[in-house]
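Below is one structure; the comments refer to it alone.
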Amino acid sequence: MRLLCVEDNSALRKMMDCVLSPTGMDVDFAANGREAVEAYETSEYDAILMDVEMPVMSGIEAVREIRQIEQGHNLGHTPILFLTSKEQARLREVSQTVGGDGLLPKPFTREALLSALDRIRHMPTTPSYPGGMAAHA
């Protein structure tokens, strides 16, 4: 599984790396929404873990841009799971409106992270073009 983890907290990025690397997942990291969109444009991911509140560009804004890229280039739907410590009910509605596929509340355990990834790994997706945006730019 190729995964993009977008999180501005370096300690949390390190924890996610320690949990995910031994599983054999190929994981890239970004520290803000702008970096996430740029990574999405140059690589293909099976799923994205997206923090909501970050400097430069929020996770909500980044997901909006990623969904526009998918639509504009007829790419498959990449599952995106929001990472948040905010009030769940309101954010669930906002995340669905912009195209998010679920929420993982922070702080989370190793087991909760792996379980959430297992759920989004089995979500139906439409085929995308090999090479992500790089093949279509």
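- The shortest non-hydrogen separation linking E53 to D8 is O-OD1, 3.7 Å.
- The structure places CZ of F108 at 5.5 Å from CG of L83, a figure rounded to the nearest 0.5 Å.
- Within the 3.5 Å criterion, the main-chain N or O of G99 finds a donor-acceptor partner in the side chain of R67.
- Looking at I48 and V63, their side chains never come closer than 4.5 Å, going by heavy atoms from C-beta outward.
- Here the shortest heavy-atom pairing between P79 and D101 reads CA-OD2, 3.1 Å.
- Smallest separation of non-hydrogen atoms from V19 and P22: O-CD, 3.5 Å.
- Here the side chains of V27 and M16 are not in contact, with every heavy-atom distance at 4.5 Å or above.
- Contact of the L49 side chain with the L113 side chain is registered, since non-hydrogen atoms from C-beta on lie closer than 4.5 Å.
- Separating the CG atom in L20 from the CG atom in L114 is a distance of 6.5 Å, to the nearest 0.5 Å.
- Taken to the nearest 0.5 Å, the CG atom of D17 stands 8.5 Å off from the SG atom of C5.
- When each of R34, M50, E35, R13 is paired with V6, the side-chain contact (heavy atoms from CB on, under 4.5 Å) condition holds for M50 and for no other.
- A side-chain contact (heavy atoms from CB on, under 4.5 Å) with K106 is found for one member of L12, V52, T84 and no other, namely L12.
- Put simply, the side chain of D46 gets close to the backbone of R2: a donor and an acceptor are under 3.5 Å apart.
- With rounding to the nearest 0.5 angstrom, the CG atom of D26 is 11.0 Å from the CG atom of L4.
- A distance of 13.5 Å separates CG in N74 from CD1 in I69, rounded to the nearest 0.5 Å.
- Side-chain atoms of N32 do not come within 3.5 Å of backbone N or O of M57 as any donor-acceptor pair.
- In this structure, S43 contributes its side chain and Y40 its backbone to no donor-acceptor pair below 3.5 Å.
- The backbone N or O of E111 lies less than 3.5 Å from no partner atom in the side chain of S115, so there is not a single donor-acceptor pair.
- A30 and A36 get closest at one heavy-atom pair: CB-N, 3.8 Å.
- In this structure, CD on Q68 lies 9.0 Å from CZ on R64, to the nearest 0.5 angstrom.
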